[in-house]
Amino acid sequence: MLPPQRIAITGASGLIGTSLVGHLKSEGHTVQRLVRRSAVAPDEISWDPATGTVDLTALEGVNAVIHLAGAGVGDHRWTSKYRAEILNSRLLGTTAIANAVKEVKPQTFISASAIGFYGETGNRAVTESDRPGDDFLAAVCREWEGAADLAEGVRTVKIRTGLVLDPTGGALGRMLPLFRFGLGGKLGNGRQWWSWITLHDQLR
């Protein structure tokens, strides 16, 4: 187990972030949540992804920054407007926090990404050396990860994981009530690959 660390997290109010904050605190770490308003509590740091501003003074001295913030890809229909929100929420947010990381120099910067980077690969296994796909989500992931590279001089980890499933929320939380009423069904021919990870494993 790591010695006590001071860790800053964006997206701390989401499914993963909420559980991660509790998990880290249970292991004795100090957690500071980045919030998109003026900080009002000792464990808050204000930031504004849209303007690229982060309270660098409050962020100074953290051991690690974990970046989870971004619009949910399954929250709305993919209209042109929402596609832009999916991309911009990741591009602007990651640019803002990566530039801040470059300034305050924590030991580690962990930035969420997704296996959407690879596009549709069917049953073909992929590794870090595989090329990105050519669909919308692959383009989002390329931009997302490219923005994380702005954190020059800091060890940067980009975590490409699949859909996080947990009955308390997220995609599975929305689907379970339908399944319990017998309303769940296959999509398309039902033979598509759908890579996923449990919330427990994601936290670890």
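Any value given below was found using the heavy atoms of this structure, including those in side chains, with hydrogens, waters and symmetry copies removed.
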Problem set entry | Thr53 side-chain N/O to Thr51 backbone N/O, donor-acceptor pair under 3.5 Å | no
For this session: May I ask you to decide if Thr127's main-chain N or O and Asp130's side chain share a donor-acceptor pair within less than 3.5 Å?
Result: yes
Problem set entry | Spacing of CG belonging to Leu176 relative to CZ belonging to Phe181, to within rounding of 0.5 Å | 12.0 Å
For this session: Spell out, as yes or no, whether a donor-acceptor pair under 3.5 Å connects the side chain of Gln202 to the backbone of Thr198.
Result: no
Exercise. Which pair of non-hydrogen atoms, one from Ala148 and one from Thr156, has the smallest distance, and what is that distance?
Worked result: O-CG2, 4.0 Å
Problem set entry | N/O donor-acceptor pair under 3.5 Å between Glu103 side chain and Lys105 backbone | no
For this session: Please check if Val154 and Leu56 belong to a single hydrophobic cluster, counting links between Ile, Leu, Val, Met, Phe, Trp and Tyr side chain heavy atoms closer than 4.5 Å.
Result: yes
Problem set entry | Check ion pair Arg160-Glu128 (N to O, under 4.0 angstrom) | no
For this session: Determine, using the 4.5 Å side-chain heavy-atom cutoff (strictly less than), whether Ile159 and Tyr118 are members of one ILVMFWY cluster.
Result: no
For this session: For side chain to side chain contact (heavy atoms under 4.5 Å, CB included), just list the numbers for Ile16 and Leu199, CA-CA rounded to whole Å, side-chain angles, deciding distance to a tenth of an Å, and then say yes or no.
Result: CA-CA 7 Å; Ile16 300 170; Leu199 179 59; 4.2 Å; yes
Problem set entry | Path from Val101 to Ile110 over hydrophobic side-chain contacts below 4.5 Å | no
For this session: Please go through Val35's hydrophobic cluster and name the other residues, only I, L, V, M, F, W, Y counting, with side-chain heavy atoms under 4.5 Å joining them.
Result: none
Exercise. Is the closest side-chain heavy-atom distance between Thr161 and Ile115 below 4.5 Å?
Worked result: no
Exercise. Same hydrophobic cluster for Leu178 and Leu163, using side-chain heavy-atom links shorter than 4.5 Å among ILVMFWY?
Worked result: no
For this session: Determine whether Asn63 and Thr108 make a side-chain contact, defined as any pair of heavy atoms from C-beta on separated by less than 4.5 Å.
Result: no
Exercise. Side-chain contact, heavy-atom cut-off 4.5 Å: Glu152 with Leu150?
Worked result: no
Exercise. Between Thr30 and Gln5, does a side-chain hydrogen bond (donor to acceptor under 3.5 Å, both in side chains) hold up when you go through it step by step?
Worked result: CA-CA 6 Å; Thr30 299; Gln5 307 279 303; over 6 Å; no
Problem set entry | Residue Arg77 excluded, over 12 heavy atoms near CZ under 6.0 Å | no
Exercise. Step by step, would you call Arg6 with Gln32 a side-chain hydrogen bond (donor to acceptor under 3.5 Å, both in side chains)?
Worked result: CA-CA 8 Å; Arg6 183 170 159 235; Gln32 290 189 275; 2.5 Å; yes
For this session: Would you confirm whether the ring centroid of Phe136 sits within less than 6.0 angstrom of the ring centroid of Trp78?
Result: yes
Exercise. What are the two closest non-hydrogen atoms of Ser38 and Ser46, and how far apart are they?
Worked result: CA-CB, 4.2 Å
Seminar exercise, completed: Taking every heavy atom of Ala98 against every heavy atom of Ala147, the minimum-distance pair comes out as CB-O, 3.4 Å
Seminar exercise, completed: For Pro3 and His29, the nearest pair of non-hydrogen atoms, with its separation, is O-CE1, 3.4 Å
For this session: Indicate yes or no: at least one non-hydrogen side-chain atom of Cys141 is less than 4.5 angstrom from one of Ser113.
Result: yes
Exercise. Should Val140 and Glu143 count as side-chain neighbours, where that means a heavy-atom distance under 4.5 Å?
Worked result: no
Problem set entry | Any side-chain heavy-atom pair of Ile97 and Phe109 under 4.5 Å | yes
Seminar exercise, completed: Between Thr94 and the options Lys158, His67, Glu145, the side-chain hydrogen bond (donor to acceptor under 3.5 Å, both in side chains) test singles out His67
Exercise. Of the non-hydrogen atoms in Leu203 and Ser19, which two are nearest, and what is the gap between them?
Worked result: CD1-CB, 3.7 Å
For this session: Of all the heavy-atom pairs spanning Gly52 and Ala96, show the shortest one and how long it is.
Result: CA-CB, 3.7 Å
For this session: Evaluate the criterion side chain to side chain contact (heavy atoms under 4.5 Å, CB included) for residue pair Ile9 and Leu24; output intermediate values, then yes/no.
Result: CA-CA 11 Å; Ile9 300 177; Leu24 291 172; 3.8 Å; yes
Problem set entry | Val40-Ile45 co-clustered via ILVMFWY side chain contacts under 4.5 Å | no
Problem set entry | Pair listing, side chain to side chain donor-acceptor pair (under 3.5 Å) test, anchored in residues 82-92, at least two apart | none
Problem set entry | Lys/Arg N to Asp/Glu carboxylate O, Arg37 vs Asp48, below 4.0 Å | no
For this session: Test side chain to side chain contact (heavy atoms under 4.5 Å, CB included) on Leu165 and Ile197 and set out the steps.
Result: CA-CA 6 Å; Leu165 294 185; Ile197 183 171; over 6 Å; no
For this session: Answer yes or no: is there a donor N or O on one side and an acceptor on the other, between the side chain of Ser26 and the main chain of His23, under 3.5 Å?
Result: yes
Exercise. Sub-3.5 Å donor-acceptor pair from the side chain of Thr18 to the main-chain atoms of Ser13, do we have one?
Worked result: yes
Exercise. Under the side chain to side chain contact (heavy atoms under 4.5 Å, CB included) criterion, do Val62 and Ile7 qualify, and how do the steps go?
Worked result: CA-CA 6 Å; Val62 297; Ile7 302 170; over 6 Å; no
Exercise. Between Asp55 and Leu59, is any pair of side-chain heavy atoms under 4.5 Å apart?
Worked result: no
Exercise. Any sub-3.5 Å donor-acceptor pair from Trp144's side-chain atoms to Leu87's backbone N or O?
Worked result: no
For this session: Identify whether the distance between the nearest side-chain nitrogen and carboxylate oxygen of Arg33 and Asp43 falls below 4.0 Å.
Result: yes
Problem set entry | Under 3.5 Å donor-acceptor, Thr10 side chain and Leu68 backbone | yes
